[in-house]
Amino acid sequence: MTYVSFPTNKPLDFVAIGRLCIDLNANEIHRPMEETMTFTKYVGGSPANITIGMSRLGLRTAFIGKVANDQMGRFITDYLQRNQIETTGVITDTTGAVTGLAFTEIKSPTDCSILMYRDNAADLKLTPQEVQEELIAQAKVLLISGTALAKSPSREAVFQALNYAKKHGAVIVFDLDYRPYTWTSPEETAVYYNLAAEKCDIILGTREEFDMMECFENNASSNDKATASKWFDHAAKIVIIKHGKEGSIAYTQDDQGHRAKSFPAKVVKTFGAGDSYAAGFLYGVMQGWTLEKSMEFGSAAACIVISSHSCSDAMPTVHQVEDYIERCNRNEITAS
Ligand SMILES: Nc1ncnc2c1ncn2[C@@H]1O[C@H](COP(=O)(O)OP(=O)(O)O)[C@@H](O)[C@H]1O
Ligand SMILES: O=C(O)C[C@@H](O)[C@H](O)C(=O)COP(=O)(O)O
């Protein structure tokens, strides 16, 4: 059963808009940040990670965003290009804005946190005029990420990208990616998230992220099926609600819930799970696979990333994901 039809006559498979940042992941794991001395630098930012994941899986990808005019900005653009991601939509800031930094604290495989430095971040300076219509016209899928809605002019840039995607028939994916520190309040966030979600074909988020979107509803029930079904009155065809290591559930317009098996992992850190899951899942549905198979592929991709030190650099190839699934099926991998 096909739930979403992707356009076929487009040269690009996937374009994402939003944040391009730096992850500085603690080298001394199992320690609090106060005692962490050294970090390894990777490209980060949720939509960037997903795009790198899609490219590693063999899709033709592009990115729309803004980087600082400094060494970090050049490192990011160069990394995207080395990963075969089209960067004509990546604009360099001219106002002195800086690259957002995410310092990650890895206290234990289940206790990880992120310390964000995002004052005057370049990615939030992208203007609607800088969003290239041509790039979106060429793409089968546009992915937006919620954090880009946090501030103007990036907020308007995302809505402009949504207009172009609608005009040119791209499938629109919304990864909720709610980072409270970027926003003034959950209520402000919910207003913009709900406006954007109305326009999207596929919505992916954690239970907590959907709860934030329902903060105006007196009877918000934390009920996955009820949460999903209201989006089918708008544009949504698939709504996925993620529950960490408990797995995820996808709802479709026929109100059916689809669950996929999740896999064991030797977890190094928990972040990066959602981004790799999104890349693996979207790759699957774009191949015409069933939702269950696509979710299983996303879950295995997530296990590979959470078993690694980085998010972007650890994004797997198709062969690596298939190999992981086979090894799990042979009981060669156990949970940490
Ligand atoms: N500890 C874990 N062990 C195995 N799989 C996991 C684990 N944590 C997450 N996953 C997989 O990654 C998916 C996304 O993870 P989740 O934590 O829900 O997203 P996010 O990183 O966006 O918060 C889950 O649905 C599951 O398949
Ligand atoms: O999104 C960021 O700015 C930081 C990411 O690069 C980071 O690695 C991360 O938090 C990944 O997010 P997740 O996949 O939702 O766990």
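For ligands, and for the atoms within them, numbers begin at 1 and follow the listed sequence.
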Colleague: Backbone or side chain, does any N or O of Ala102 fall under 3.5 Å from an N or O of ligand 2?
Modeller: no
Colleague: Using the side chain to side chain donor-acceptor pair (under 3.5 Å) definition, which of the options Thr95, Asn120, Thr94 pairs with Lys125?
Modeller: Asn120
Colleague: By number and element, which atoms of ligand 2 are closer than 4.0 Å to a non-hydrogen atom of Gly274?
Modeller: 14 (O)
Colleague: Looking at ligand 2, does any of its N/O atoms fall within less than 3.5 Å of an N/O of Cys311?
Modeller: no
Colleague: Looking at ligand 2, would Gly272 count as a contact under a 4.0 Å heavy-atom criterion?
Modeller: yes
Colleague: Answer with yes or no after comparing the ring centroid distance for Trp231 and Tyr251 against a 6.0 Å cut-off, counting only values under it.
Modeller: no
Colleague: Counting heavy atoms only, which of Asp177, Ile114, Val43, Asn49 comes nearest to atom 10 (O) of ligand 2?
Modeller: Ile114
Colleague: Does Arg155 have any side chain to side chain donor-acceptor pair (under 3.5 Å) partners at least two apart in sequence or in another chain, and if so, which?
Modeller: Glu188, Tyr192
Colleague: At less than 4.0 angstrom from any non-hydrogen atom of Gly44, what atoms of ligand 2 do you find?
Modeller: 6 (O)
Colleague: Flag the pair Ile241 / Phe210 as yes when at least one side-chain heavy-atom distance between them is below 4.5 Å, and no otherwise.
Modeller: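 Side-chain contact under 4.5 Å: yes.
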Colleague: Evaluate the side-chain proximity of Ser294 to Tyr283: yes if any heavy-atom separation is below 4.5 Å, no if none is.
Modeller: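 Side chain of Tyr283 against side chain of Ser294, heavy atoms only: no contact under 4.5 Å found.
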Colleague: Determine whether the side chain, the backbone, both or neither of Ala273 has a heavy atom under 4.0 Å from any heavy atom of ligand 2.
Modeller: backbone
Colleague: Can you classify the ring geometry of Tyr277 versus Phe281 as parallel (below 30°), tilted (30 to 60°) or perpendicular (above 60°)?
Modeller: parallel
Colleague: Suppose we measure from atom 7 (C) of ligand 2 to each protein heavy atom; which comes out shortest, and what is that distance?
Modeller: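 The protein heavy atom lying closest is Asp23 OD2, 3.6 Å.
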Colleague: Show me the donor-acceptor pairs within less than 3.5 Å that the side chains of residues 136-144 make with the rest of the protein, sequence neighbours left out.
Modeller:
residue : atom : partner : partner atom : Å
Gln138  : NE2  : Glu134  : OE2          : 3.1
Lys140  : NZ   : Asp13   : OD1          : 3.1

Colleague: Would you mind running through ligand 2 and noting each atom that sits below 4.0 Å from a heavy atom of Ser46?
Modeller: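 So the atoms of ligand 2 that pass are 1 (O), 2 (C).
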Colleague: Less than 6.0 angstrom separating the ring centers of Tyr3 and His258, yes or no?
Modeller: yes
Colleague: List by chain and number: which residues place a heavy atom under 4.0 Å from ligand 1?
Modeller: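 If the criterion is a heavy atom under 4.0 Å, then ligand 1 touches Thr206, Lys242, His243, Gly244, Lys245, Gly247, Ser248, Phe263, Val267, Ala273, Gly274, Tyr277, Ser299, Ala302, Cys303, Ile306.
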Colleague: Identify the closest protein heavy atom to atom 2 (C) of ligand 2: which residue and atom is it, and at what distance?
Modeller: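 Of every protein heavy atom, Arg19 NH2, 3.1 Å lies nearest to atom 2 (C) of ligand 2.
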Colleague: Measure the distance from atom 12 (O) of ligand 2 to every protein heavy atom, then report the residue, atom name and distance (to 0.1 Å) of the closest one.
Modeller: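 I find the closest protein heavy atom is Arg179 NH2, 3.1 Å.
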Colleague: How would you list, by chain and number, every residue that makes a salt bridge (charged side-chain N to carboxylate O under 4.0 Å, His left out) with Lys167, sequence neighbours excluded?
Modeller: Glu133
Colleague: Does the ring centre of Phe174 sit less than 6.0 Å away from the ring centre of Tyr193?
Modeller: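 Ring centres of Phe174 and Tyr193 closer than 6.0 Å.
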Colleague: Any side-chain donor paired with an acceptor under 3.5 Å for Glu28 and Thr36?
Modeller: no
